[in-house]
Participant: 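One structure follows; several queries about it will come next.
In what follows, chains are A, B, ... by sequence order, proteins preceding strands, each numbered from 1.
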There are 2 protein chains.
Amino acid sequence: MSYTSAFPPVYVTVDVVLLTLRADRLHVLMVERGSEPWRGWLALPGGFVRQDEDLPEAARRELREETGLAVEPVHLEQLGTFGRPDRDPRARTVAVAHLAVLPALPEPVAGTDAAGASWQPVEAVLDRELPFDHHDILLAGVERARGKLEYTTLATAFAGPTFTIAELRHVYETVWGRPLDPGNFHRKVVGAPGFVERAPGERSSGRGRPAAVYRAGTATLLNPPLWRGEPATPPSPLADREATP
Amino acid sequence: MSYTSAFPPVYVTVDVVLLTLRADRLHVLMVERGSEPWRGWLALPGGFVRQDEDLPEAARRELREETGLAVEPVHLEQLGTFGRPDRDPRARTVAVAHLAVLPALPEPVAGTDAAGASWQPVEAVLDRELPFDHHDILLAGVERARGKLEYTTLATAFAGPTFTIAELRHVYETVWGRPLDPGNFHRKVVGAPGFVERAPGERSSGRGRPAAVYRAGTATLLNPPLWRGEPATPPSPLADREATP
DNA sequence: GAAATAGTGTCTCTTAGACAATATCAG
DNA sequence: CTGATATTGTCTAAGAGACACTATTTC
């Protein structure tokens, strides 16, 4: 193995599936492409890796640049690398896809770069055609998130810095698209060591008894998982299981 | 985003962690590097991706070329992509690491390319210094394999085309480094839908009652998993959980 | 008080793991 | 028969999920 022209260089990009919860639905951050091919189409944010940049670093930078997001994602992990030779008509490219998760932001995103960035409902986006292999990547991201709720504390990344148990349950119910028993959920979450810890104060959702406030604990892996197989209920359009603690 | 010199191309390699079981120990296929840097060191097999090659395809080709293996790996999945800017002193490279699993081969490998390929015990290799970030990659591969035994049928990839339940149990015991209860294991494996199916015949290990022969079933995910948390026994040097069905 | 949500108790059924009991083979 | 391994049974404790019940708030 040597660095001759026999081994053509490749353009390496970093693409990001940034998920969040808005209005009780799972949303993904999309940008409108400003150049050919696929000009004008909604696409996942991403761009080329720079010479002296690590992969996660590049992912964070792209999120900042292309979406004008000031906040750092609470969760960022590598999703997988997509390199079909025909994925980009212009040149041989390899995309290192990442999954990022953020709590719901008060306001839509102010795009600073190219065309603007916007939050889109995941289900709607998955129903469309997407540029390149972004459909595969988005699907992988959503499935990864769905799977990791089960056996990691990823759900807290969707919630704000503090949250009630009901809010956390809402995360699960929204991402999984299935209602959970409030009583059993409460007991399990509070009982799972390191998942959540009490924060001072209480919070009321308007009606009903105010709930205790929690923040994310130090654990990252849930052992045993919250739920293993789904307890025979409605089927979700996507499923399966992925990981990386 | 455009293809100008502002975005320098990168050399993309595919590296493979090929695991197998030999003599009751987990082994990994290593090659001896024939060129600088790290000439003469044991390294993971791998090489540059070609222009019109998909990633898994490249991984398979590298295994063939660099190790002279005639057989296709029973299991091949992407492990992750390693791209620290300083991982290769010669140029910016990004390595797409793969995990492959093969049943024990009757004979050591006949290297055809470069220096020779050889099976090395994983524990021993992890105790050494390795070229580039191959230590990280190997570690990720072993942890992924350990984790996936729990909730996928990966173990059958370590066994031959047919196997007894005890042989399959040996896979778990060796990879996890911990003894399992034969009775409970038998019941669970046979009871897990799609994990294994009867093959004709019986097989004797010399002593004792001959065992029924099985082959891999059609399932790929085990739901529920064989074991969740470890039942409080000796700690293994590596742990954690990874995935991709 | 009525309605709503938070949090706790209780019950039943399944499963995990420990370990005992058979079954079937080689000397 | 003895020893070894395969396979099946049995027992006990823990956990899951269903669901009833209490607590605390708004209207």
Side-chain angles (χ1 to χ4, degrees), chain A residues 24 149-151 155 159 162-174 176 178-193 195-215 222-234, chain B residues 24 149-151 155 159 162-174 176 178-193 195-215 222-234:
Chain A
D24 281 346
L149 285 197
E150 256 186 279
Y151 58 95
T162 68
F163 47 85
T164 68
I165 301 297
E167 285 163 5
L168 192 62
R169 174 164 49 85
H170 241 71
V171 173
Y172 279 89
E173 292 179 328
T174 305
W176 282 353
R178 146 162 84 86
L180 299 175
D181 181 285
N184 293 337
F185 183 87
H186 188 284
R187 190 182 2 235
K188 271 203 187 173
V189 167
V190 173
F195 193 175
V196 298
E197 52 190 41
R198 263 317 294 274
E202 297 193 333
R203 188 177 303 168
S204 169
S205 62
R207 263 186 292 299
R209 167 176 170 184
V213 173
Y214 292 81
R215 69 173 136 258
L222 292 178
N223 206 320
L226 269 221
W227 282 276
R228 317 182 263 183
E230 37 253 86
T233 347
Chain B
D24 282 346
L149 286 197
E150 255 186 280
Y151 56 96
T162 67
F163 48 84
T164 67
I165 301 297
E167 284 163 5
L168 192 62
R169 175 165 48 86
H170 241 71
V171 173
Y172 278 89
E173 292 179 329
T174 305
W176 282 353
R178 145 162 85 86
L180 299 175
D181 181 284
N184 293 336
F185 183 87
H186 188 282
R187 191 185 0 239
K188 270 204 187 172
V189 167
V190 173
F195 194 176
V196 298
E197 51 189 43
R198 264 316 293 274
E202 297 192 334
R203 187 177 304 167
S204 170
S205 61
R207 263 185 293 300
R209 169 176 169 183
V213 173
Y214 292 81
R215 70 174 135 258
L222 292 179
N223 206 317
L226 269 221
W227 282 274
R228 318 181 261 182
E230 35 253 83
T233 347

Participant: More 5' along DNA chain D: B:Arg207 or B:Asn184, using each one's nearest nucleotide?
Facilitator: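 By nearest-heavy-atom nucleotide position, the 5'-most residue is B:Arg207.
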Participant: Using whole Å, report how far NE2 of A:His170 lies from P of C:dT5.
Facilitator: 10 Å
Participant: Take the protein atom CG of A:Asp181 and the nucleotide atom C1' of C:dT10, then report the distance between them rounded to whole Å.
Facilitator: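 Rounded to the whole Å, the gap is 13 Å.
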Participant: For a quick check, tell me whether the side chain of A:Arg187 and the base of D:dG15 share a donor-acceptor pair closer than 3.5 Å.
Facilitator: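 Donor-acceptor pair under 3.5 Å: no.
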Participant: Backbone N or O of B:Leu149 within a donor-acceptor pair of the B:Tyr172 side chain at under 3.5 Å?
Facilitator: yes
Participant: For a quick check of understanding: with a heavy-atom distance under 4.0 Å over all strands, which category does B:Arg209 fall into, base, sugar-phosphate or nothing?
Facilitator: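 Answer is base: heavy atoms of B:Arg209 come under 4.0 Å of a base.
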Participant: When rounded to the nearest 0.5 angstrom, what is the spacing between OG1 in B:Thr162 and CZ in B:Arg198?
Facilitator: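 Rounded to the nearest 0.5 Å, the OG1-CZ separation comes to 10.5 Å.
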Participant: Does a side-chain N or O from A:His186 land closer than 4.0 Å to OP1 or OP2 of C:dA6, or not?
Facilitator: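 No, outside the criterion.
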Participant: Give a yes/no answer on whether the side chain of A:Lys188 brings an N or O atom under 4.0 Å of OP1 or OP2 in D:dG15.
Facilitator: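 A:Lys188 to D:dG15 OP1/OP2: no side-chain N or O under 4.0 Å.
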Participant: What is the nucleic acid contact for A:Arg169, judged by heavy atoms within less than 4.0 Å: base, sugar-phosphate only, or nothing?
Facilitator: sugar-phosphate
Participant: So do A:Phe163 and A:His170 actually touch side chain to side chain, heavy atoms under 4.5 Å?
Facilitator: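 Not touching, per the 4.5 Å side-chain cut-off.
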Participant: Got a sec, which residues hit salt bridge (Lys or Arg N to Asp or Glu O under 4.0 Å) with A:Glu197, two or more places apart in sequence or on another chain?
Facilitator: A:Arg215
Participant: Specify the separation, in whole Å, of atom CZ of B:Arg203 and atom C1' of C:dT24.
Facilitator: 18 Å
Participant: Do B:Trp176 and B:Glu150 touch side chain to side chain, with heavy atoms closer than 4.5 Å?
Facilitator: yes
Participant: How do A:Thr164 and B:Gly183 order along DNA chain C: which one's closest nucleotide is nearer the 5' end?
Facilitator: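 Going by which nucleotide is closer to the 5' end, it is A:Thr164.
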Participant: Expressed in angstrom and rounded to an integer, what is the separation of A:Glu167 atom CD from C:dT5 atom C1'?
Facilitator: 13 Å
Participant: Describe the nucleic acid contact of A:Gly206 in one word from base, sugar-phosphate, nothing, applying a heavy-atom distance below 4.0 Å.
Facilitator: sugar-phosphate
Participant: Would you kindly give the CG-to-P distance between B:Leu180 and C:dA16, to the nearest whole Å?
Facilitator: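 Atom-to-atom, B:Leu180 to C:dA16, this comes out as 14 Å.
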Participant: Quickly work out the B:Glu150 CD to C:dA16 C1' distance and round it to whole Å.
Facilitator: 14 Å
Participant: Identify, between B:Gly208 and A:Pro182, the residue whose nearest nucleotide on DNA chain C lies closer to the 5' end.
Facilitator: A:Pro182
Participant: Starting from P on C:dA18, measure out to CZ on B:Phe185 and report it in whole angstrom.
Facilitator: 15 Å
